[in-house]
Amino acid sequence: MLLRSAAIRRLRRLAPLFCVVALVLAGCTPDHYSQTAFRPLSDFGRIGDDIQTTTLKWAVLVFLLVEGALLYAIFRFRGKPGDPEPSQTHGNTTIEIVWTVIPALILAAIAVPTVRGIFQMSATPGADALEVQVIGHQWWWEFRYPALNLTTANELHIPVGQTVSLKMSTVDVVHSFWPPRFAGKRDVFPNRETRLWFKADSAGEYSGQCAEFCGMQHARMAFHVEAQSPGEFAAWVAHMQTLRAAPAAAAAPSMDSMRTASAGATVQAEASGPGDPQYAAGEKLFQAKGCVACHSLNAFDAPKGMIGPNLANVGARSHIGAGTLKNTDENLVRWIENPQLIKQGVLMPNLGVKPEEAKALAAFLRAHQ
Amino acid sequence: MAEHAAHLETSTGLDNRKLAIWTFIGSECLFFATLISNYLVQKETWLTGPGPFPHEAWTSPAGKAFEPIIEIPLVTVGTALLLFSSLFIVLALSAAQHGNRKGLLFWLGATLFCGFFFVGMQVFEFTHFVHNGLTLHTNLFGASFFTLTGFHGTHVTLGVIWLLTLWIEAYRGRIPPAKSLNLEMAALYWHFVDVVWVVIFPVVYLIK
Amino acid sequence: MATSALDQQRAHAAADHGEKTGLWSWITTVDHKRIGILYGATAFLFFLIGGIEALLLRVQLGTPDNTFLAPDTYNQLFTMHGTTMIFLAIMPLSAMFFNFMIPLQIGARDVAFPRLNAFSYWVFLAGGLLLNSSFLFGLAPDQGWYGYANLTSRQFSPGMNVDFWLLGLQILGIASLAAAVNFFVTIVNMRAPGMTLMRMPIFVWMSFITQILLLLAFPVITVALVMLMFDRNFGTHFFVPSGGGDPLLWQHLFWIFGHPEVYILILPAFGIISEVLPVFSRKPLFGYAAMVFSGAFIAFLGFGVWSHHMFTTGMGPIADTFFSLTTMLIAVPTGVKVFNWMGTIWGGSIQYRVPMYFALGFIAMFVIGGLSGVMHASPPADLQQNDTYFIVAHFHYVLFGGSIFGLTAGAYYWWPKMSGRMLDETLGKVHFWLMLIGFNVTFFPMHILGLNGMPRRVYTYPAGLGFETLNQIETVGSFILALSFLVFIANIVRTMRSPRNAPADPWNGATLEWAIPSPPQEWNFAEIPVVHGRDALWELKRQRGGPLPEPPRVSGKGIHLPNPSYWPPVAGLGVLVAIGGVLAFPTHGPWLSIAGGVILFFGVFKWAFEPAG
């Protein structure tokens with residue numbers, strides 16, 4: 001009778017713990033998280049996920065067995081006043097051997113797929129892979145497609161069903177490129193190239209983040225992977241290739257009638273953009289405020305070594321400031337007016353842009369899609 | 001029962017202080033192992049930097065020519081003297097343990113002479129390097145060389161100060177056989193510093 | 001009344017035998033027990049500071065896109081939280097127990113080098129003060145506790161923050177190395193007659209292995225920090241790519257130190273638990289030899305796993321495979337220890353006193369931390385886990401769930417011995433439950449957040465990624481955890497005001513420290529005991545057929561003890577000024593460092609020529 005109520009008392013004490021655990025487990029479904037590593041959308045991602053699942057299963061099993069044994073022992077062997085001295089066991093060689101060997105076997109069971117996975121992941125992608133150069137900056141991501149002569153920033157367009165071969169580096173400090181839906185992360189270094197590859201099997205927009213502390217705004221160094229069907233990707237490439245220094249010969253019409261960009265860095269007398277006075281004003285300001293010094297508006301044949309992100313298609317991106325803000329007109333204006341307020345420490349200084357000027361610049365940039 | 005501090009029985013029979021010096025030396029081995037490994041690792045990449053270099057001639061883009069900067073003869077003499085100094089200190093310790101004050105002063109003095117020479121040789125070498133364009137920040141060779149040999153040289157210098165203090169104590173007759181452990185500790189440290197140089201010398205000066 | 005009579009007796013004994021009081025006696029003390037208390041009190045204060053830093057972080061992370069803390073403030077706080085907890089809290093809390101308990105457990109009167117022992121404490125205090133003084137200048141270190149190059153180069157960290165960090169760590173390294181030499185020699189050389197190595201208490205064994213790790217690992221970080229200091233102040237390019245250097249070299253050097261460091265952090269707690277579990281199960285430690293050898297094997301192997309922190313750097317499949325396999329291998333001796341602890345309580349007569357609560361809590365929490373560690377051992381999985389909150393969860397489970405729970409068990413267990421008073425049982429149990437619940441509510445959800453995409457070291461996160469709910473829960477948990485420490489502090493305050501009447505052996509202990517009064521007299525043992533086996537005190541009680549009588553407080557006539565000395569704190573000051581003076585190099589040249597060097601030399605010379613006494 002006494003035993004039962006003692007046990008119940010203990011269980012009742014544990015009740016708040018159970019509630020919390022339940023709550024926590026409720027938040028457990030990976031579908032709640034858009035950046036989850038549990039729902040891989042690529043071959044590379046699945047290699048890691050398979051091993052992750054294996055190790056997780058073993059971990060949960062060992063957890064249940066060991067913690068279960070602990071809980072059992074806690075209740076079963078509780079001492080009472082007047083208890084005799086328990087048997088003074090010093091050890092048991094057989095048991096000790098068993099519990100050395102069994103974990104070793106479990107680890108071997110994890111080691112075999114691990115080593116296989118390591119070598120699979122270090123395979124070199126074939127010649128038919130799409131090469132993308134990933135260059136980390138404080139605090140944004142540059143993407144270059146050498147075969148296509150394209151440069152962009154913060155939004156990585158890739159084709160579904162084709163292996164993407166990422167060759168990565170950084171111009172400043174060590175960062176880490178992490179697209180969790182497609183692959184684990186790979187650090188990027190200033191003095192050597194690191195590599196990652198994956199073949200996406202699902203279209204959509206998926207976010208990723210920098211995963212190596214890289215200074216003040218490490219938290220705001222996200223990027224988005226835009227996985228597109230081969231047709232859409234080809235159209236995107238073709239469109240991007242028109243965003244170049246020379247006036248576009250024929251603006252390729254896009255799906256939702258975006259306005260095509262006109263001239264790049266140099267001011268053209270006849271802009272092929274609409275006769276929007278905001279646009280023209282913005283164009284002038286882009287020069288006058290010194291934006292050209294850091295940002296290129298050419299996606300095709302873009303200059304290397306620009307301090308700031310390539311803005312050729314900035315108007316069409318889903319986010320600005322490396323994932324810091326959604327790319328709405330209002331946010332674009334806010335950013336141009338005072339980037340330091342939004343992302344303190346960012347290399348883009350406050351240019352002393354007045355509100356009307358910011359609106360003009362925003363309109364100009366919005367037209368660059 | 002009264003216990004005399006100097007005669008406490010120890011579990012190993014070794015005096016605590018002797019064991020402490022060995023322990024400290026063990027730790028210092030890792031310190032120098034790290035510095036030496038770093039030197040070797042960075043040796044792979046330093047030819048990218050500007051010269052001068054230890055064993056190779058190099059011409060700067062501007063046309064200035066640098067000869068290999070290491071000068072073996074002087075350092076070899078210093079090395080030899082440092083090696084002999086280990087012998088001398090063994091003799092000094094033996095003299096101390098036998099109560100031979102004259103022998104102790106002579107051999108410890110000889111050790112000190114070698115120590116002074118070695119430090120002087122290093123100072124000369126460092127100055128020579130700086131005059132020939134190699135400083136701590138010139139290139140990776142300069143950085144790893146000066147750090148490695150600089151730390152070693154500092155260890156030698158501290159050893160020299162320690163030995164000098166002991167020499168003065170010996171002069172004042174304060175190192176009877178019962179206190180020879182004080183010298184023995186310094187001798188162990190001195191041998192260690194010597195052994196480290198036995199590794200550094202070939203790694204830095206001889207191997208190209 | 002019996003209590004006050006006993007107190008009076010003790011007061012007289014104290015006065016007769018010159019038990020010193022007053023600030024000066026604490027500054028010049030060379031008594032290992034006092035030095036232990038100094039370490040403990042100082043470390044606990046730093047622990048509270050580190051805890052407040054953590055609470056601030058948790059408030060900031062409680063809501064997405066929060067502006068409670070500016071980005072650079074957050075970055076300083078998380079860097080200082082990690083640095084403080086590792087170097088200024090866990091390590092010196094362990095040092096408190098090394099200091100107080102090792103001589104008692106081996107039947108010695110003090111450590112091998114009492115003045116060196118004091119020196120270690122003062123240098124530790126200096127390092128802690130230097131590190132935290134950075135806050136006064138708004139220049140707290142902000143580069144993460146591992147200080148990865150090349151973020152730490154002068155170019156990308158122009159302020160003095162990194163310099164405060166590296167100089168503070170250098171000072172702390174000196175303290176640790178001096179203490180390690182001291183305890184190594186003490187354990188090897190000063191054991192009571194009959195106490196062979198395999199008869200030593202297991203806490204002494206784990207501490208011994210820890211000292212060896214300290215001796216071998218700290219020189220590596222010393223070199224790395226020197227190289228970083230040279231890069232930042234003297235224009236070298238060890239880690240700077242533009243001059244041919246390699247940022248990855250820093251990672252290798254740091255982790256060759258860093259991985260043994262984590263074993264330095266956990267082994268003392270392993271030792272404490274291995275003492276507590278047998279006493280409160282009323283049976284010996286299961287598999288003593290296996291515990292010793294597994295501890296040694298973990299330490300040895302711990303030097304061969306370092307690059308498992310670098311799986312994401314692209315070292316290549318051979319390196320990845322090697323380090324993955326060694327990391328998995330190290331789980332085997334660790335598992336052996338867990339099972340041996342289970343074997344200890346199995347079939348026992350478990351006494352549910354507060355130290356046992358924390359010891360059992362340790363096992364439960366450490367197992368979780370160990371299992372997540374095994375998950376990281378596999379590079380293909382670790383590519384997702386590294387640098388996320390999954391890692392933050394892992395190391396908090398092993399460092400808090402492991403080390404802190406273990407150290408707390410030690411505190412409750414040895415409090416009567418150290419202070420002569422028993423901590424309150426009820427408050428202790430409240431402390432335990434609040435700590436267990438608060439800890440799990442704070443850190444368990446981090447496993448989920450990490451695997452679902454939340455990176456670490458982020459001052460905020462956007463709404464819409466799903467991180468909000470669990471972060472809120474974690475923040476609530478952190479305040480429950482804070483509350484548990486308030487309860488602990490209340491317990492301590494109340495206890496220290498109560499009369500000093502704890503018995504010598506309140507727990508029916510197995511080891512020698514329970515044979516002498518609580519707290520021990522300055523010389524520890526009136527007569528050095530002779531030891532005939534493991535668990536010497538149980539053996540003795542068994543022979544007598546019952547508990548030992550309360551040991552009397554005796555006159556210390558004829559027992560020779562080392563004299564107090566002020567040269568250790570002077571030398572410590574020299575270290576502080578010499579190394580801290582590097583901060584003044586850019587503006588004032590080397591003169592402050594040189595002055596510090598002079599003070600250090602002077603202090604050391606006077607110390608060397610002081611009559612040893």
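Convention: sequence-line order gives letters A, B, ...; per-chain numbering from 1. None of these values were measured; they are calculated from a predicted model.
There is no contact between A:P113 and chain C, counting heavy-atom distances below 4.5 Å. The parts of C:I345 that come within reach of chain A are both its backbone and its side chain, each placing non-hydrogen atoms under 4.5 angstrom from that chain. For A:D49, no part lies near chain C; criterion is any non-hydrogen pair under 4.5 Å. Only the side chain of C:Q251 comes within contact range of chain A, with heavy atoms under 4.5 Å apart. For chain A, the nearby part of C:Q143 is the backbone; its heavy atoms alone come within less than 4.5 Å. The contact between A:E85 and chain C is made by backbone and side chain atoms together, counting heavy-atom distances below 4.5 Å. Residue C:M454 touches chain A through its backbone alone, counting heavy-atom pairs closer than 4.5 Å. With a threshold of 4.5 angstrom between heavy atoms, A:Q88 approaches chain C through its backbone and through its side chain. For chain A, the nearby part of C:D142 is the backbone; its heavy atoms alone come within less than 4.5 Å. Proximity to chain C (any heavy atom under 4.5 Å) is restricted, for A:T194, to the side chain, taken from C-beta onward. A:R192 touches chain C through its side chain: at least one heavy atom from C-beta onward sits under 4.5 Å away, while N, CA, C and O do not. C:S324 touches chain A through its side chain: at least one heavy atom from C-beta onward sits under 4.5 Å away, while N, CA, C and O do not. Residue contact with chain C, scored on non-hydrogen atoms closer than 4.5 Å, involves the backbone of A:A183 exclusively. With a threshold of 4.5 angstrom between heavy atoms, C:A289 does not approach chain A through any atom at all. Proximity to chain A is limited to the backbone of C:F311, based on heavy atoms less than 4.5 angstrom apart. Proximity to chain A (any heavy atom under 4.5 Å) is shown, for C:T152, by neither the backbone nor the side chain. Proximity to chain C is limited to the side chain of A:S207, based on heavy atoms less than 4.5 angstrom apart. For chain A, the nearby part of C:F78 is the side chain; its heavy atoms alone come within less than 4.5 Å. Within the 4.5 angstrom heavy-atom criterion, only side-chain atoms of A:Q138, from C-beta onward, approach chain C. Neither the backbone nor the side chain of C:W341 comes within contact range of chain A; no heavy atom of the residue lies under 4.5 Å from a heavy atom of that chain. At a 4.5 Å heavy-atom cutoff, the contact between A:W178 and chain C is made by side-chain atoms alone. Both the backbone and the side chain of C:M328 have a heavy atom closer than 4.5 Å to some heavy atom of chain A. The contact between A:S122 and chain C is made entirely by side chain atoms (from C-beta outward), counting heavy-atom distances below 4.5 Å. Within the 4.5 angstrom heavy-atom criterion, atoms from both the backbone and the side chain of A:L56 approach chain C.
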Exercise for review: Go through the steps for C:L329 and A:L107 under the test side-chain contact (heavy atoms from CB on, under 4.5 Å), then give the verdict.
Suggested key: CA-CA 8 Å; C:L329 186 59; A:L107 288 165; over 6 Å; no
For this session: Show your working on side-chain contact (heavy atoms from CB on, under 4.5 Å) between C:M375 and A:W58 and close with a plain yes or no.
Result: CA-CA 9 Å; C:M375 290 177 71; A:W58 280 114; over 6 Å; no
task: Take A:T55 and C:V374 through the side-chain contact (heavy atoms from CB on, under 4.5 Å) test and state the conclusion after the steps.
output: CA-CA 8 Å; A:T55 54; C:V374 169; 5.7 Å; no
Could you go step by step and tell me if A:M121 and C:L383 meet the side-chain contact (heavy atoms from CB on, under 4.5 Å) rule? CA-CA 10 Å; A:M121 283 177 158; C:L383 289 191; 3.9 Å; yes
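Minimum heavy-atom separation, A:W99 to C:N340: CZ2-OD1, 3.0 Å. Across every non-hydrogen atom of C:S349 and A:P86, the tightest pair is N-CG, 3.7 Å. Summarising the geometry of C:K283 relative to A:S87, their closest heavy-atom pair is CE-O, 3.7 Å, with the distance given to 0.1 Å. Summarising the geometry of A:S34 relative to C:G464, their closest heavy-atom pair is OG-O, 4.1 Å, with the distance given to 0.1 Å. The two atoms that bring A:Q344 and C:A70 nearest to each other are OE1-CB, 4.2 Å, heavy atoms only. Of all heavy-atom pairs spanning A:A73 and C:I350, the tightest one is O-CD1, 3.6 Å.
Looking only at side-chain heavy atoms (C-beta outward), C:L465 and A:Q209 come within less than 4.5 Å of each other. Annotation: side chain of C:I368 is in contact with side chain of A:E67 (closest heavy-atom distance under 4.5 Å). Between A:C214 and C:F156 there is no side-chain heavy-atom pair separated by less than 4.5 Å. Residues A:N191 and C:P247 meet the side-chain proximity criterion, which asks for heavy atoms closer than 4.5 Å. In this structure, A:Y33 and C:L451 have side chains that are not in contact, with every pair of non-hydrogen atoms separated by 4.5 Å or more.
Legend: residues meeting ring pair (Phe, Tyr, Trp, His ring centres under 6.0 Å) with C:W346, ordered by chain and number and at least two apart, are A:Y72, A:F77. Annotation: ring pair (Phe, Tyr, Trp, His ring centres under 6.0 Å) contacts of C:H394 (sequence neighbours excluded): C:H376.
We find that A:E212 and C:R456 are not joined by a salt bridge, their nearest charged nitrogen and carboxylate oxygen being 4.0 Å or further apart. Under 4.0 Å is where a charged nitrogen must lie from a carboxylate oxygen, and between A:R220 and C:D65 at least one such pair does.
Judged by distance alone, the side chains of C:T313 and A:D187 never bring a donor and an acceptor atom under 3.5 Å apart. For C:Y459 and A:Q217, the side-chain atoms include at least one donor-acceptor pair closer than 3.5 Å.
Without hydrogens or angle criteria, C:Q384 side chain to A:P180 main chain gives a donor-acceptor distance under 3.5 Å. No donor-acceptor pair under 3.5 Å is formed between the side chain of C:Y288 and the backbone N or O of A:G91. With C:N386 contributing its side chain and A:K185 its backbone, the two residues share no donor-acceptor pair below 3.5 Å.
In this structure, the ring of A:F189 has its center no less than 6.0 angstrom from the ring center of C:W250. For C:Y146 and A:F213, the distance between ring centers is not under 6.0 angstrom.
Top candidate by heavy-atom pairs under 4.5 Å with chain A, chosen from C:G335, C:A377, C:G348, is C:G348. Counting heavy-atom pairs under 4.5 Å between each of C:V458, C:D320, C:L151 and chain A puts C:L151 at the top. Comparing C:L371, C:T388, C:T344 by heavy-atom pairs within less than 4.5 Å of chain A, the highest count is held by C:L371. Most heavy-atom pairs under 4.5 Å with chain A, from the set C:D246, C:D382, C:V338, C:L325: that is C:D246.
With rounding to the nearest 0.5 Å, the separation of NE2 in A:H32 from CZ in C:F467 is 9.5 Å. Atom CZ of C:F339 sits about 8.5 Å away from atom CD1 of A:I102, to the nearest 0.5 Å. Atoms CG and CD, from C:L449 and A:Q35 in turn, are 11.5 Å apart once rounded to the nearest 0.5 Å. Distance check: C:I363 CD1 to A:L70 CG gives 5.5 Å after rounding to the nearest 0.5 Å.
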